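Every heavy atom of this structure was used, including side-chain atoms; hydrogens, water molecules and symmetry mates were not. The shown structure was predicted, so the numbers you read here are calculated from the model rather than taken from an experiment.
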Amino acid sequence: MDEKSFYLKLIHLSKALGKSINQIERELGYPRNALHNYKYGGEPSGERLVELAQYFGVTPEYLLGKDKESEGFSPTILFTKLSEEQKMQMLLLCQKWIFSKIKL
């Protein structure tokens with residue numbers, strides 16, 4: 001495993017949620033820079049790995065780079081993490097897309 005792959009996955013998943021690493025640290029009650037420290041290699045404890053996997057809706061194996069696909073990636077879990085405003089924005093985007101496909 002590439003020593004930075006865990007951190008790169010954290011960055012990718014945080015961007016998918018539209019959140020910063022610092023926001024995620026605060027939401028999970030982690031000390032400041034707890035997740036940034038993975039930038040220099042290393043892996044989290046088992047407990048933190050499970051917490052992060054649940055937070056992002058992925059498998060721990062995916063976070064560690066042992067699954068090439070994000071099979072555990074759950075859009076439903078990601079949707080529940082959105083604020084009401086973000087959910088409304090997503091709804092409006094979906095409606096626009098649907099209407100563009102059916103050309104009313």
When rounded to the nearest 0.5 angstrom, what is the spacing between CD in Q54 and CG in L49?
10.0 Å
Using salt bridge (Lys or Arg N to Asp or Glu O under 4.0 Å) as the criterion, list what pairs up with E84, not counting sequence neighbours.
K87
If you count every heavy atom of other residues, nucleotides or ligands that lies below 6.0 Å from Q95 atom CD, does the total exceed 12?
yes
To the nearest 0.5 Å, what is the distance between CG (N33) and CG (N22)?
6.5 Å
Go through the steps for E61 and L64 under the test side-chain contact (heavy atoms from CB on, under 4.5 Å), then give the verdict.
CA-CA 5 Å; E61 293 83 6; L64 292 175; 5.9 Å; no
Return the NZ to CD1 distance between K15 and I21, rounded to the nearest 0.5 Å.
9.5 Å
Gap separating the OG atom of S5 from the OH atom of Y62, nearest 0.5 angstrom
10.0 Å
Please determine whether side-chain contact (heavy atoms from CB on, under 4.5 Å) holds for the pair L92 and Q89, giving the CA-CA distance in whole Å, both sets of side-chain angles, and the decisive distance to 0.1 Å.
CA-CA 5 Å; L92 294 172; Q89 289 173 348; 5.7 Å; no
Which pair of non-hydrogen atoms, one from T59 and one from A53, has the smallest distance, and what is that distance?
C-CB, 3.9 Å
Could you report the tightest heavy-atom contact between F56 and S14, atom names first, then the distance?
CE2-N, 3.8 Å
Going by side-chain hydrogen bond (donor to acceptor under 3.5 Å, both in side chains), name the residues that satisfy it together with E51, two or more places apart in sequence or in a different chain.
Y30
Heavy-atom closest contact (W97 atom, S100 atom, distance)
O-OG, 2.7 Å
Can you see which heavy atom on R48 is nearest to which on A34, and at what distance?
NH1-CB, 3.7 Å
Are K19 and E27 close enough that some pair of their side-chain heavy atoms sits under 4.5 Å apart?
yes
Would you say that Y55 contacts L13 through its side chain, given a criterion of any heavy-atom pair below 4.5 Å between the two side chains?
no
Correct closest heavy-atom pair for P31 and E25 would be O-CD, 4.0 Å
Are L35 and L52 side-chain neighbours, meaning at least one heavy-atom pair lies under 4.5 Å?
yes
Take K39 and F6, measure what side-chain contact (heavy atoms from CB on, under 4.5 Å) needs, and give me the verdict at the end.
CA-CA 8 Å; K39 182 176 187 175; F6 177 77; over 6 Å; no
Parallel, tilted or perpendicular for Y7 and H36, by the 30°/60° rule?
tilted
Shared hydrophobic cluster for L28 and L10 (ILVMFWY, side-chain gaps under 4.5 Å)
yes
